[in-house]
Every structure is written in structure tokens, then in C-alpha cells.
Amino acid sequence: MMQPEQQRRAYLEAMGIDIWLPRDAEETADSGREQAPSYGLDWPELRDCVANCTRCELSASRTNTVFGVGNPEADWLIVGEAPGAEEDRRGEPFVGRAGQLLDHMLLAIGQSRESVFIANILKCRPPNNRDPKPSEAAACRDYLERQIELIQPRIILAVGKIAAQNLLGSDDPVGRMRGRPHELNGIPLVVTYHPAYLLRSPSQKHKSWSDLCLATKLAAEFSA
Ligand code: URA
């Protein structure tokens, strides 16, 4: 009989989804390398761990950590880039104009800020809204990985270049990654444009709509 992981991979292959694994995934599974610091934490423990994190220099300049918002048992996990000034002040992701557009995008697919879970690649705000440094993304990565393990979403929606490139370990532009299924840790993943980009380029909204439709279809097909 197939193990659940094998079954999931067979299912993803049948759906035509590229299976992406970190280069050292097999090594990690076999060699008993050091466990991630958030290994085995439950949701409240993970939240505490993030709130007290000093793994990178952003801890010195943040007002609040931004753990994420929504349903910890959501079918949909939305991943953005990093908190901005308002998110840092309020400790909640996507609260500005881009957040309002994200709310409308969710509404269009019958979801809401409460029904999905929204997180970012970084839990702390980079000063002056600069891009996350690779070292910061690496320091924060296992928090998001543990959130994914605990939530077990049916679909991950990566919004924007930073989220997509970090999650998929790719340098491709969003235009090349969007519009087709990917996979992360056995879960279907779809890339789409960041709502802040869509505010600047509304003519691209129809492409995001088609990405949302693809994500809806994959979520329905995927039995987590
Ligand atoms: N942009 C993001 O990517 N994340 C936020 O939380 C806010 C704006």
C-alpha cells in the first residue's frame, strides 16, 4: 500500500504538477540533520516563538512581529512578501491599500481574511520597505514551514515576486511562474501578481483572476 506522501506525489503527478524539492531534501530526511528550531511547536508556541524572535537584525527595528492572520485550519494559505509600515504598527499583514485589494480578490473566490490564512515570507518589517535580504528570508523560513505543516492548506497562493521566488527557490519573474501549477512540500502552489503591483497596473488584473481560478480548481481537486 502507498504511504500518504507517495500517494500525494502520485496525485500531484497525475495533475501535471511539477514536484519541487529542495536539493538536499533526501539527505535531510535520511541524515538526521539538526531539526529546525520550530520543529514540533504547536500554534500558540510558534506564535510565542515568533513574537520573541531575534534571529536577524530586523528584530531591532520592528514594532510588532506579524505572525499572520486568519484561520489556522484554512484551505487557502496566502503568502506575501513582508510587513510594511502599517502592518508593523498593527501586527497584521496586508492592512493597507494592497490589503484591501487582496480582500476583494478573496471575496471574488468566495473567501475572506477570516476563512484563509495570510502570512508573509518575513515576520518583521524591513526598514524603508526594502526587499528582504536572503539571510533574513532564510532566518524566517522555518516559521512559515511550520505554519504550513500545522495549517495543511489545500492550496498556497504566492503573491508577488519575493514570495514566489523564495517559496519556489527560483529567480524567474512572476510572469513566467504564474498561470501554471507548482508544488511545495506536497501542496499545490499557484503564483500570482502582488496586489500592490495590480494597483499600479490594473490592466493585469485579468491574469490574477485566471490564477485565482486555477488555484480554486487545484484546491478542489487536492485531497490534503
Ligand atoms: N505587502 C506584503 O507583501 N505583505 C504585507 O503584509 C503587506 C504588504
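The figures that follow rest on heavy atoms only: side chains count, while hydrogens, waters and symmetry mates do not. Counting convention: from 1, in listed order, for ligands and their atoms alike.
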Among all the protein's non-hydrogen atoms, which is closest to atom 4 (N) of ligand 1, and how far away is it?
Asn120 OD1, 2.8 Å

Can you name the atoms of ligand 1, numbered from 1 with element, that are less than 4.0 Å from a heavy atom of Pro93?
6 (O)

Which segment of Glu81 sits under 4.0 Å of ligand 1 when only heavy atoms are counted
both

Whether His194 lies under 4.0 Å from ligand 1, heavy atom:
yes

If you measure from atom 5 (C) of ligand 1 to every heavy atom of Ala82, Gly80, Gly96, which option wins on shortest distance?
Ala82

How far does CG of Leu212 sit from NZ of Lys205, to the nearest 0.5 angstrom?
12.0 Å

Kindly indicate whether a cation-pi arrangement holds for Arg47 with Tyr143, taking the cut-offs as under 6.0 Å to the six-membered ring centre and within 45° of the axis.
no

Atom 7 (C) of ligand 1: the protein heavy-atom neighbour that sits closest, reported with distance to 0.1 Å:
Glu87 OE2, 3.2 Å

Run Gln165 and Asp171 through side chain to side chain donor-acceptor pair (under 3.5 Å) and show every step you take.
CA-CA 6 Å; Gln165 291 186 341; Asp171 290 332; 5.3 Å; no

Candidate pair Ser115 and Asn71, rule side chain to side chain donor-acceptor pair (under 3.5 Å), full reasoning
CA-CA 5 Å; Ser115 69; Asn71 177 2; over 6 Å; no

Heavy-atom count check: over 12 atoms from other residues, nucleotides or ligands less than 6.0 Å from Glu86 CD?
yes

Phe67 ring center near Trp43 ring center (under 6.0 Å):
yes

Check this for me - ligand 1, Gly84, N or O atoms closer than 3.5 angstrom, yes or no?
no

